[in-house]
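Quick caveat, the model's predicted, so the values are computed rather than measured. Reminder, nothing fancy here: chain letters follow the sequence lines and each chain counts from 1.
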Number of protein chains: 2
Amino acid sequence: MSKRTPQAGESAELKEETRELKPKERIQAVGERMFAEEGFEAVSVRALTSAAQVNVASLHYHFGSKEGLLEAIFAARAKPIAEARLAMLRECRAGPDRPPLLNQLLEAFLRPALTFGEDDRFGGSVFARLRARLAVAPQEFSRRVLGSAFDESSRAFIDSLTRALPDLPRRELEWRFHFLLGTMVYSMADGGRIQSITDGACDPSDGEETLRHLLPFLVAGFRADIPEPGSGS
Amino acid sequence: MSKRTPQAGESAELKEETRELKPKERIQAVGERMFAEEGFEAVSVRALTSAAQVNVASLHYHFGSKEGLLEAIFAARAKPIAEARLAMLRECRAGPDRPPLLNQLLEAFLRPALTFGEDDRFGGSVFARLRARLAVAPQEFSRRVLGSAFDESSRAFIDSLTRALPDLPRRELEWRFHFLLGTMVYSMADGGRIQSITDGACDPSDGEETLRHLLPFLVAGFRADIPEPGSGS
DNA sequence: GTCTATAGCTGGATAGAC
DNA sequence: GTCTATCCAGCTATAGAC
């Protein structure tokens with residue numbers, strides 16, 4: 001319930017990294033950060049443009065609407081991530097292990113998402129939070145944006161995983177891929193639950209550290225024995 | 001017990017399960033469903049009270065505010081789930097296996113969350129979606145509500161898991177518990193990603209089915225080899 | 001306890017001068 | 001392309017009759 005009220009001394013509010021950008025890029029950078037930190041629906045166009053030190057009309061001029069801005073932010077970030085994924089996947093396939101090891105495939109899928117832009121001062125892990133929120137959002141709009149950005153690379157990885165785990169039925173592999181997405185998205189969302197439970201000892205916002213703990217966990221999970229067939233599948 | 005005769009067409013809007021409830025309970029039931037399906041911030045008090053066929057003032061009379069309604073919904077659902085968890089935990093401890101098997105502990109933790117009220121016509125899996133959304137919400141308010149409801153039972157389970165996995169360092173166990181939460185929350189959120197990728201073959205909204213696939217996956221994950229120590233821990 | 005009416009704002013979006 | 005002024009639909013919450 002914290003609505004910011006930007007008043008005098010506003011330029012102090014501008015983050016260093018956005019100060020030298022042109023208005024359009026500034027709106028995009030500030031929007032990414034605010035949407036990630038407060039949630040898309042909780043951020044008003046007024047608050048956003050005020051923080052970016054542009055007038056309200058500027059947002060509509062450059063992006064058409066608030067939703068248009070979100071799509072632009074997403075388009076700019078998702079493509080590099082999906083490309084990095086597929087590049088790492090190609091490296092796996094070109095490597096000495098045929099088919100690529102499970103561990104290599106999982107890392108190729110997860111590393112771009114979890115560490116993208118962590119050394120990028122323009123907000124890599126910021127985008128991770130935004131993306132995670134969208135991943136569980138109910139609005140059809142959010143799902144469309146997310147699906148069109150990542151469904152393709154997800155399918156490619158499921159196919160590769162099939163070859164790395166030839167004895168695992170595809171249906172089971174899909175379930176496990178779903179669980180993988182859960183661990184990834186939940187870590188990216190940085191909801192603060194595990195910090196609260198462990199008094200800050202675990203920090204999922206550190207992508208490298210998360211990967212280090214997550215990969216062995218997932219490798220073992222993907223290699224688990226197949227459960228008894230049930231009525232539902 | 002309706003004192004007034006429903007007008008033609010009017011009662012058709014009300015879902016069957018809410019028709020015989022008193023206004024206060026009706027607001028709560030409709031609120032739970034709408035918050036879960038559309039998101040807390042996307043539902044207006046007007047739309048909610050209109051769907052529940054009460055006047056706007058009624059919501060504020062009974063719950064004080066929109067946030068008050070959410071807290072009431074949460075209080076009503078979270079307590080039974082946390083209690084079911086602890087009851088199943090006690091059963092584990094009283095069982096023949098000492099300490100309880102990993103599989104038993106994980107099921108005791110997950111089953112109440114994933115299947116609670118699935119045969120309950122008043123919306124058990126509805127609440128699961130609501131809860132999952134809150135779990136990744138950025139607002140401090142959401143985190144407070146969720147933490148006060150579930151942090152205690154989470155800590156109790158971490159302690160029990162420690163005894164079931166005596167060779168696993170506590171820090172590592174906490175990370176794996178975090179990943180467990182991720183798989184649980186992501187399944188409950190029912191974001192539709194895996195349905196989209198697999199053309200509907202996997203259905204995480206089926207709690208029993210999810211459990212059947214999830215438990216072996218998590219058991220293996222918790223038993224994975226410990227990763228190399230890194231600089232960060 | 002239930003309702004109507006409305007207060008008091010804030011929301012996204014735009015018109016039109018410059 | 002940038003800005004101010006403005007539209008008006010929408011919001012939460014409340015006052016006050018019944």
Side-chain angles (χ1 to χ4, degrees), chain A residues 1-8 10-11 14 18-32 34-35 37-73 137 139-142 145, chain B residues 1-7 10-11 13-14 18-31 34-35 38-73 137-139 141-142 145:
Chain A
M1 189 47 111
S2 59
K3 298 236 164 82
R4 40 170 264 107
T5 2
Q7 294 295 340
E10 244 176 67
S11 64
L14 258 189
T18 62
R19 196 169 289 163
E20 306 215 339
L21 295 178
K22 285 187 239 172
K24 182 174 178 180
E25 281 78 33
R26 213 159 61 219
I27 295 170
Q28 203 161 326
V30 171
E32 182 176 25
M34 292 185 75
F35 289 159
E37 287 175 0
E38 305 172 36
F40 178 74
E41 306 191 280
V43 175
S44 72
V45 170
R46 291 164 133 86
L48 200 164
T49 52
S50 167
Q53 293 193 10
V54 297
N55 60 81
V56 277
S58 179
L59 187 151
H60 294 100
Y61 175 80
H62 289 294
F63 301 100
S65 69
K66 192 182 165 187
E67 289 198 347
L69 171 58
L70 181 61
E71 286 186 290
I73 290 168
Q139 281 78 17
E140 188 273 339
F141 163 70
S142 317
V145 170
Chain B
M1 292 315 162
S2 58
K3 41 190 78 165
R4 69 192 190 81
T5 317
Q7 304 293 331
E10 198 179 320
S11 61
E13 302 259 351
L14 267 185
T18 61
R19 194 171 292 163
E20 307 215 338
L21 295 178
K22 284 188 242 173
K24 183 174 178 180
E25 282 78 33
R26 212 160 63 219
I27 295 170
Q28 202 161 328
V30 170
M34 292 184 77
F35 288 158
E38 304 171 38
F40 178 74
E41 307 192 275
V43 175
S44 71
V45 170
R46 290 158 129 86
L48 201 165
T49 52
S50 165
Q53 294 193 10
V54 297
N55 59 81
V56 277
S58 179
L59 186 150
H60 295 99
Y61 176 80
H62 289 294
F63 300 100
S65 69
K66 193 181 166 187
E67 289 197 348
L69 172 59
L70 181 62
E71 286 187 290
I73 290 168
Q139 281 78 17
F141 163 72
S142 318
V145 171

Specify the separation, in whole Å, of atom [atom1] of [X] and atom [atom2] of [N].
| X | N | atom1 | atom2 | result |
| --- | --- | --- | --- | --- |
| B/Glu25 | C/dG1 | CD | P | 10 Å |
| A/Met34 | C/dG11 | CE | P | 11 Å |
| A/Leu69 | C/dG12 | CG | C1' | 13 Å |
| A/Phe63 | C/dG12 | CZ | C1' | 16 Å |
| B/Leu59 | C/dG1 | CG | P | 15 Å |
| A/Asn55 | D/dT4 | CG | P | 7 Å |
| A/His62 | D/dC3 | NE2 | P | 9 Å |
| B/Lys66 | D/dT12 | NZ | P | 5 Å |

What parts of residues 39-47 of chain B reach DNA chain D, counting only heavy atoms under 4.0 Å away?
->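 Those residues whose heavy atoms fall under 4.0 Å from DNA chain D, taken from residues 39-47 of chain B in numerical order, are B/Val43, B/Ser44, B/Val45, B/Arg46.
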
Does the side chain of B/Val54 reach to within under 4.5 Å of the side chain of B/Leu59, using non-hydrogen atoms?
->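 The answer is no, as the side chains (C-beta and beyond) never meet within the 4.5 Å cut-off.
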
A/Lys24 versus A/Phe63: any side-chain heavy-atom pair under 4.5 Å?
->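 Side-chain contact under 4.5 Å: yes.
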
Nearest heavy-atom neighbours spanning A/Ala52 and A/Arg26 |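 Taking every non-hydrogen atom into account, O-NE, 2.9 Å.
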
Nearest 0.5 Å, what's the CG-CD1 distance between B/Leu21 and B/Ile27?
->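 One gets 11.0 Å once the value is rounded to the nearest 0.5 Å.
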
Just distance, no hydrogens or angles: give the donor-acceptor pairs under 3.5 Å from side chains in residues 66-73 of chain A, sequence neighbours left out.
{"from": "A/Lys66", "atom 1": "NZ", "to": "A/Phe40", "atom 2": "O", "distance (Å)": "3.1"}
{"from": "A/Lys66", "atom 1": "NZ", "to": "A/Val43", "atom 2": "O", "distance (Å)": "2.6"}
{"from": "A/Glu71", "atom 1": "OE2", "to": "A/Arg144", "atom 2": "NH2", "distance (Å)": "3.3"}

Can you list the residues that meet the side-chain contact (heavy atoms from CB on, under 4.5 Å) rule with [X], with sequence neighbours excluded?
| X | result |
| --- | --- |
| A/Ser44 | A/Arg46, A/Ala47 |
| A/Ser142 | A/Leu134, A/Ala137, A/Gln139 |
| A/His60 | A/Val45 |

Output a table of nitrogen or oxygen pairs between the protein and nucleotides 14-18 of chain D separated by less than 3.5 Å.
none

